[in-house]
Structures are given as structure tokens and as C-alpha cells.
Amino acid sequence: MKHATICGFYFSYFAKTMPELELTKWHPYIRSCINREEAAMASADAEFSVGVLELSGHCRGLEHTQDGNVGPSAGIT
């Protein structure tokens, strides 16, 4: 095997884009997803490539802002 793709999850995306929420601190599942990605990336070398397919999607109550971040949708508090 020369290539691997890790299927990420939207919780991982949120953990990375909103670190102030400390999602990996409070949610074991999210922490395990991040750990899986990090372990896979650490095994990459010149003969073995690894990629992460990350689904960010659009969740109700969150939207991408003009600067590319994710924040509350208009009208939702």
C-alpha cells in the first residue's frame, strides 16, 4: 500500500477551526478523530502518502463568514 485517505468528520473540522471551544478536551469521540488523523499523518513518508478528506458542510446555526471562519448564522443566538 502506497497511499491512504482518512475520512474526516465535521466535528474534527470544527475542533480545528474553533479551538477556543476546546472540543477535544470535552468530547472523547472528537479527540479520537483528531488522534486518528495525527497518527495517520505521522506515518506518511516519501514512500507512503496520507490525505485527510474532511467534510465541513454547512450546519444549521453555523455559517462560513467572509474571512473563511465558521460562526453563528444571522438571527441565531
Side-chain angles (χ1 to χ4, degrees):
M1 185 165 63
K2 294 183 179 186
H3 311 283
T5 302
I6 302 298
C7 293
F9 201 49
Y10 57 89
F11 288 129
S12 301
Y13 172 80
F14 293 138
K16 292 177 208 170
T17 59
M18 295 184 284
E20 68 278 5
L21 297 179
E22 298 182 306
L23 295 174
T24 57
K25 178 179 178 181
W26 304 109
H27 302 280
Y29 178 72
I30 298 172
R31 184 171 48 252
S32 70
C33 290
I34 297 291
N35 289 344
R36 178 187 61 185
E37 291 178 15
E38 290 172 350
M41 296 303 281
S43 66
D45 60 22
E47 297 180 16
F48 181 68
S49 64
V50 176
V52 176
L53 175 62
E54 199 165 69
L55 305 174
S56 60
H58 183 84
C59 294
R60 185 172 181 254
L62 293 174
E63 65 182 17
H64 290 275
T65 59
Q66 289 181 349
D67 60 1
N69 292 319
V70 177
S73 296
I76 295 179
T77 57

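Below, all heavy atoms of this structure are taken into account, side chains as well, without hydrogens, waters or symmetry copies. What you see is a predicted model; the values in this text were computed from it and never measured.
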Tell me, yes or no, whether the heavy-atom count around E20 atom CD, taken from other residues, nucleotides or ligands under 6.0 Å, exceeds 12. yes
Below 4.5 Å, heavy atoms only, C-beta onward: do F48 and H3 meet side chain to side chain? no
Considering non-hydrogen atoms only, spot the tightest contact between V50 and A44 and give its length. CG2-CB, 3.9 Å
For the residue pair K16 and E37, establish whether any side-chain heavy-atom pair is separated by less than 4.5 Å. yes
The reported gap from NZ in K25 to CG in L23 (rounded to nearest 0.5 angstrom) is 12.0 Å
4.5 Å side-chain heavy-atom contact, C33 and F11: no
Smallest heavy-atom separation, T24 atom then A15 atom, equals CG2-CB, 4.3 Å
Check the hydrophobic clustering (I, L, V, M, F, W, Y; side-chain heavy atoms under 4.5 Å; chains of links allowed) and say if M41 and M1 are grouped together. yes
Approximate separation, where rounding is to 0.5 Å, of I34 CD1 and S12 OG: 4.0 Å
When you group the ILVMFWY residues by side-chain heavy-atom contacts below 4.5 Å and let the links chain together, are M18 and Y29 in the same group? yes
Single-linkage hydrophobic cluster, 4.5 Å side-chain cutoff, F9 and I6 together: no
Would you say I30 ends up clustered with Y13 if hydrophobic residues are merged whenever their side chains have heavy atoms under 4.5 Å apart, either directly or through other cluster members? yes
